[in-house]
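In what follows, a single structure is set out as structure tokens and then discussed.
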Amino acid sequence: MIVKTRIGILTSGGDAPGMNAAIRAVVRTALHYGFDVVGIQDGYNGLVLNYIERFHRGSVANIIQRGGTILGTARSKEFETEKGMARAKQVLEDHGIDVVIVIGGDGTMRGAEAFSIKYGVQMIGLPGTIDNDLYGTDFTIGFDTAINNALQAIDQIRDTAASLERLFFIEVMGRLSGFIGLAVGLAGGAEDVMIPETPTDINALAHKINESIKKGKKSNIVIVSEGDEAGNAFTIAAKVKNLVHEDYRVAVLGYIQRGGTPTANDRILASKLGFAAVSAVREGKFGCMIGEVKQQIVCTPFRETYEKKKKIDPTLYKIIEILAT
Ligand code: F6P
């Protein structure tokens, strides 16, 4: 009897729009090439707790357009313990799972690195996070949807900003990275963007805002990325308060950025990377995260994806500055 290679798939960390499209791509490609596939629920927790279910074509029907993840996700503390990992390894053996494909952010890649080294598990990663902060891919699955969600909200806030001639500080997600902030700052026509990667100068910010008011601009929007060293949007607004001559409001966009229908870009990226993940399995390539760099599929060792820093594009900053003047 021929025993088929069995692939397990899980999503871990924060959910990101497009994760479902990636799950679908992995499952359908794997079945096409004759693999068995099982879904692992709730991230690494599901491996520890034995939440495993056999997948067939229909298991991933009608999900390409859905946000979140049908597999559920978690930030598993249990999996980080020796006992938890040992249990996870036992569950893999009990189910005859030969390969695990994980979709998530830096925490997910750290887990994959630790597990594959300790137990020699064959693993492949896919970048799924709205933050876009993984080295080894130009874009992560979920980033495009998140910036479009944020932009929609910013455009709506601008209606009020312009009507009342008010200054707005809008906080976006990103944890410790400014990719979301920079992208929506440029696309949303912001006056300035505060991101963790560059030092925040409160006096310079106040000067810019005052100049803009002097010019008669009706709406002024400042984007603050979470993780900025000068503080969150409320803190930065309070610091600027006595230096500017305009009433202001603060809006924290929060989780609306992470939900909803994935954009075409995210679905296409997820489908390409999901397909590539199974191709890597077929080639016997493990221990790395599949990504797309300059339109080429690459597989970057897990450790590099979170230890190396993907650089923000400083020209975007410059463009924002010039376009705002
Ligand atoms: O990593 C994605 C992200 O949405 C970050 O932008 C944010 O800092 C964090 O997750 C929020 O985490 P949680 O879902 O645990 O509140």
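This one's a predicted model, so the numbers in the text were calculated from it and none came from an experiment. When a ligand or atom number is given, it counts from 1 through the structure's own listing order.
When Arg258, Met173, Glu226 are ranked by how near their heavy atoms come to atom 10 (O) of ligand 1, first place goes to Arg258. The heavy atom nearest to atom 5 (C) of ligand 1, out of those in Thr129, Asp131, Thr73, Asp133, is found in Asp131.
The two atoms that bring Thr145 and Thr261 nearest to each other are CG2-O, 3.4 Å, heavy atoms only. Taking all atoms of both residues into account, the shortest heavy-atom contact from Ile141 to Ala22 is CD1-CB, 4.1 Å. The nearest pair of heavy atoms linking Leu167 to Val244 is CD2-CG2, 4.2 Å.
Each of the atoms 11 (C), 13 (P), 14 (O), 16 (O) of ligand 1 lies under 4.0 Å from some heavy atom of Tyr255. Each of the atoms 6 (O) of ligand 1 lies under 4.0 Å from some heavy atom of Gly174.
In this structure, Lys214 pairs ionically with Glu211, as a charged nitrogen and a carboxylate oxygen lie closer than 4.0 Å. One finds a salt bridge joining Glu113 and Arg303 here, because a Lys/Arg side-chain nitrogen approaches an Asp/Glu carboxylate oxygen to under 4.0 Å. With respect to Lys294 and Asp138, no salt bridge is recorded, no charged nitrogen being found less than 4.0 Å from a carboxylate O.
Heavy-atom distances between Arg75 and ligand 1 reach below 4.0 Å in at least one pair.
Contacts between Ile130 and ligand 1, counted as non-hydrogen atom pairs separated by less than 4.0 Å, involve the side chain only.
When only non-hydrogen protein atoms are considered, atom 9 (C) of ligand 1 lies nearest to Arg175 NH2, 3.7 Å.
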